[in-house]
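Some notes on the structure that comes next.
What you see is a predicted model; the values in this text were computed from it and never measured. Counting from 1, the numbers follow the sequence of the chain as shown.
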Amino acid sequence: MSDSVTELIDRLRDEATQDRPAEETPDVGIVMGSDSDLETMMTGGKRRGAYDAFVDELGFAEQTDYENPPDEQFTFETYVTSAHRTPDLMTVYAETAEERGLEVIIAGAGGKSADLPNMTASIAYPLPVIGVPVQEKSVDSVIGMPTGAPLVAVDAGKSFNAALSAAQILARQHDEVRERLVAYHEDLREGVGAVSRELHDGGTPAFQDRDR
């Protein structure tokens with residue numbers, strides 16, 4: 001076992017014994033099978049990702065030090081926990097997630113054997129896990145859980161929606177998260193209304209010419 005993997009495993013186990021107040025621990029865990037999944041899972045790809053949803057839209061912060069949380073009330077953490085290359089790290093992460101204060105996990109993986117979301121959900125049960133197929137070819141692997149082994153999943157590459165779904169889970173017991181979700185939805189609604197009014201009132205040619 002490599003030193004870095006051993007160090008991470010020991011760190012997770014130590015954090016699980018600390019019994020810190022909920023306001024000091026990450027609310028959401030984001031794991032991915034490889035750092036090559038980062039662009040899809042977090043931000044910067046062809047579509048907005050989980051990082052954009054949490055930070056830009058919902059006011060969450062990324063927690064990088066378990067013992068020194070950021071000032072923001074709601075936080076998330078990120079790890080690479082490959083189901084095939086580091087199954088021991090994946091297992092310990094999922095086993096300790098609830099004790100470390102996580103309320104929901106987002107797990108993404110690519111390829112035809114995208115097993116990380118499934119395995120994480122099985123080990124972390126009953127903690128809810130939201131799966132993100134990083135590629136279209138990963139969808140069947142992510143959603144193919146047997147009866148009795150639940151895993152919620154979004155469409156391929158849509159980690160932004162996974163973040164919103166995670167926030168919906170948190171909103172059941174955190175009114176502030178609910179208020180942020182409602183405000184985000186109202187912004188979307190207003191944006192559609194503004195576009196519809198501009199299209200109708202100005203006509204199609206003027207609407208099409210507006211960005212030229």
Can you give me every donor-acceptor pair (side chain of residues 116-123, partner residue at least two apart or in another chain, under 3.5 Å) with its distance?
residue	atom	partner	partner atom	Å
Asn118	ND2	Ser141	O	2.8
Asn118	ND2	Val142	O	3.4
Thr120	OG1	Leu116	O	2.8
Ser122	OG	Asn118	O	3.1

Could you state the interatomic distance from [atom1] ([X]) to [atom2] ([Y]), rounded to the nearest 0.5 Å?
| X | Y | atom1 | atom2 | result |
| --- | --- | --- | --- | --- |
| His174 | Ile169 | NE2 | CD1 | 11.5 Å |
| Met32 | Ser159 | CE | OG | 8.5 Å |
| Asp3 | Leu8 | CG | CG | 11.0 Å |
| Asn161 | Ile130 | CG | CD1 | 10.0 Å |
| Ile9 | Leu89 | CD1 | CG | 5.5 Å |
| Leu12 | Thr81 | CG | OG1 | 9.5 Å |

[Y] and [X], any side-chain heavy atoms less than 4.5 Å apart:
| X | Y | answer |
| --- | --- | --- |
| Val177 | Leu58 | no |
| Gln73 | Phe60 | no |
| Asp88 | Val5 | yes |
| Val28 | Leu170 | yes |
| Arg48 | Thr43 | no |
| Asp155 | Val132 | no |
| Ile106 | Phe54 | yes |

With a 3.5 Å cut-off and sequence neighbours excluded, list the donor-acceptor pairs that the side chains of residues 185-201 form with protein atoms.
residue	atom	partner	partner atom	Å
Glu198	OE1	Arg210	NH1	3.3

Show me the pairs that pass salt bridge (charged side-chain N to carboxylate O under 4.0 Å, His left out) and involve residues 93-120, at least two apart or across chains. Glu15-Arg100, Glu77-Arg100
For residues 173-183, which residue pairs qualify under salt bridge (charged side-chain N to carboxylate O under 4.0 Å, His left out), counting only residues two or more places apart or in two chains? Glu176-Arg180
Those residues at least two apart in sequence (or on a different chain) that pass side-chain hydrogen bond (donor to acceptor under 3.5 Å, both in side chains) with Arg85 are none
side-chain hydrogen bond (donor to acceptor under 3.5 Å, both in side chains) filter on Ser36, not counting sequence neighbours, yields Ser34
Please confirm whether the backbone N or O of Gly111 pairs with a side-chain atom of Ser138, one donor and one acceptor, at under 3.5 Å?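 Answer holds: yes.
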Around atom OH of Tyr51, are there more than 12 heavy atoms from other residues, nucleotides or ligands closer than 6.0 Å?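 Check fails, neighbour count at 12 or below.
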Check the hydrophobic clustering (I, L, V, M, F, W, Y; side-chain heavy atoms under 4.5 Å; chains of links allowed) and say if Val154 and Leu181 are grouped together.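 Same cluster: Val154 reaches Leu181 through Ile, Leu, Val, Met, Phe, Trp or Tyr contacts under 4.5 Å.
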Kindly work out whether a path of hydrophobic side-chain contacts (I/L/V/M/F/W/Y, heavy atoms less than 4.5 Å apart) joins Phe74 to Tyr66.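 Per the 4.5 Å side-chain linkage, Phe74 and Tyr66 are not co-clustered.
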Could you walk me through whether Phe76 and Met42 pass the side chain to side chain contact (heavy atoms under 4.5 Å, CB included) test, one step at a time? CA-CA 11 Å; Phe76 63 92; Met42 300 301 293; 3.8 Å; yes
What pairs meet the ring pair (Phe, Tyr, Trp, His ring centres under 6.0 Å) rule with one or both residues in residues 91-147, with sequence neighbours excluded?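 Listed by first then second residue: Tyr79-Tyr93.
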Output the rest of the hydrophobic cluster of Ile143: all Ile, Leu, Val, Met, Phe, Trp and Tyr residues reachable through side-chain heavy-atom contacts under 4.5 Å, sorted by chain and number. Val139
Residues that [X] engages under side-chain contact (heavy atoms from CB on, under 4.5 Å), provided they are two or more places apart:
| X | result |
| --- | --- |
| Asp10 | Thr6 |
| Pro70 | Ala61, Gln63, Glu72, Thr75 |
| Ala97 | Leu102, Ile105, Leu127 |
| Pro205 | none |

Nearest heavy-atom pair of Ser82 and Gly33: which atoms, and what distance? CB-O, 3.4 Å
